Engineer: 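Would you mind keeping the following structure in view while I ask a few things?
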Amino acid sequence: MSSSALNMTAEQVTAVPFADLHAQYLSIRKEVDAAIAAVIGGSAFIRGPFVQEFEEQFARAIGVRHCVSCANGTDSMYIAMRALGLKPGDEVIAPAHSWISTTETITQAGGNVVFCDTDADTFTIDPAQIEARITPRTVGIVPVHLYGQPADMDRVMAIAAKHKLWVLEDCAQAHLAKYKGRTVGTFGTAASFSFYPGKNLGAMGDAGAVLTNDAQLAQRMAMFARHGGLKKGDHQIEGINSRLDGLQAAILSAKLPHLARWTARRQEIAAEYSRLMSDVPGLGLPVVAAGREHVWHLYVVRLDRRDELAAHLAARSIQTVINYPVALPFLPAYQRLQHLPAHFPVAHRHQSRILSLPMFPEMSAAQIRAVSDAIHEFAAAA
Ligand SMILES: Cc1ncc(COP(=O)(O)O)c(C=O)c1O
């Protein structure tokens, strides 16, 4: 805790963590404890009924026929791209602003990453810039529903259809988000999900899944994730070992019935933040495009004095995060592509101006108010 926070009385400090996984656990403790006990009681640690049950329930919740669970969201993207048949030299278009899983898996699967700038309002891939990046070697597009807001899927899917490209939706931050009334994950050739603990639907460890309506693709993905075989000892290809374990599956099944309620609460908190802070000078509030239902994995504001605001909030025991401080093309990992800020001006401008505020369903009205008050105080002192 900072010295200025220590100088305050206990009543004055409303500490606001960035997220509070323990509060969520306490709110559903009985269900989670019972789920864990059932897995241990049945020694159902690897595959088995809990994994199958979660796969079926999650596929139904999203509205897709097949769910192949795996060890984490990054693996789900890699598994999908390997099963989609990515070959050396193939190009895949992905947004310049995302978490590195979106693009490192393209390279790992043997392809070449082609970055596309993002939309200035929504942080999602700018469809107006996709076609200029398509070459005879382009095979796919990976739109990311970043922060919980759907990408412009009508336009992405129209471009993909015109150029015969596959689409892998990165839904890691967007469980139950909707585009024109339709749940994300139902648009693309396949859709990858992360259940990292802090995600809108989070396990108590690493977990992920990839969904598709294509039965053959689902079979190839399941086979690849299980050492290249669907039956023990029958290895059709060389694969990897990427499994959702029974404990995580049972915990996710216990949490899934609460996801709609948690999502609604995130939406209420976002609305309250936006209402309370609509008059803060110089603060760019999140913009939700028409027809998109945002699920607020992150509530991200924009401002020029971002680092000063983060320090001001930290001094008041309010945690913030930058998602992400360096846009993908400018990371050392992509130095080989020699990208300049002018190639992706929107993503580049955002990297120094974005700040993610605390956002979790268990947030109290006092905590929301404390964040808003501290931001008003910062702006007034400017
Ligand atoms: C946009 C995005 N894609 C992919 C992933 C990968 O998920 P995981 O951390 O489960 O590997 C994440 C989560 O960190 C993410 O935020």
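Note that ligands are numbered from 1 as they come in the structure, with each ligand's atoms numbered from 1 the same way. Quick caveat, the model's predicted, so the values are computed rather than measured.
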Engineer: If you have a sec, work out which protein heavy atom is nearest atom 15 (C) of ligand 1 and how many Å separate them, to one decimal?
Structural biologist: A172 CB, 3.4 Å
Engineer: Going by the order shown, which atoms of ligand 1 are within less than 4.0 Å of some heavy atom of W99?
Structural biologist: 2 (C), 5 (C), 12 (C), 13 (C), 14 (O), 15 (C), 16 (O)
Engineer: Heavy-atom contacts under 4.0 Å between D170 and ligand 1: side chain, backbone, both, or neither?
Structural biologist: side chain
Engineer: Considering residues, nucleotides and ligands other than Q52, do more than 12 of their heavy atoms fall under 6.0 Å from its CD?
Structural biologist: no
Engineer: Can we call the ring centroids of F344 and H339 under 6.0 Å apart?
Structural biologist: yes
Engineer: Does the gap between the ring centers of F330 and H348 come in under 6.0 Å?
Structural biologist: yes
Engineer: Hey, which atoms in ligand 1 end up nearer than 4.0 Å to a heavy atom of S98?
Structural biologist: 1 (C)
Engineer: Should the pair F115 and Y334 be assigned to parallel (<30°), tilted (30 to 60°) or perpendicular (>60°) ring geometry?
Structural biologist: perpendicular
Engineer: Among protein heavy atoms, which sits nearest to atom 14 (O) of ligand 1, and what does the distance come to when rounded to 0.1 Å?
Structural biologist: K199 NZ, 3.1 Å
Engineer: So, does H97 use its side chain to make a donor-acceptor pair with the main chain of A347 at under 3.5 Å?
Structural biologist: no
Engineer: I need the nearest protein heavy-atom contact for atom 4 (C) of ligand 1: residue, atom name and distance, please.
Structural biologist: S101 CB, 3.5 Å
Engineer: So with a 6.0 Å cut-off around CZ of R336, is the heavy-atom count from everything else above 12?
Structural biologist: yes
Engineer: Check this for me - ligand 1, S194, N or O atoms closer than 3.5 angstrom, yes or no?
Structural biologist: yes
Engineer: Report the relative orientation of the aromatic rings in W99 and Y324; use parallel for angles under 30°, tilted for 30 to 60°, perpendicular for over 60°.
Structural biologist: tilted
Engineer: For atom 16 (O) of ligand 1, what is the nearest protein heavy atom, given as residue, atom name and distance?
Structural biologist: Q173 NE2, 2.8 Å
Engineer: Would one find an N or O of F195, backbone or side chain, under 3.5 Å from an N or O of ligand 1?
Structural biologist: no
Engineer: How far is atom 11 (O) of ligand 1 from its nearest protein heavy atom, and which residue and atom is that?
Structural biologist: T74 OG1, 2.5 Å
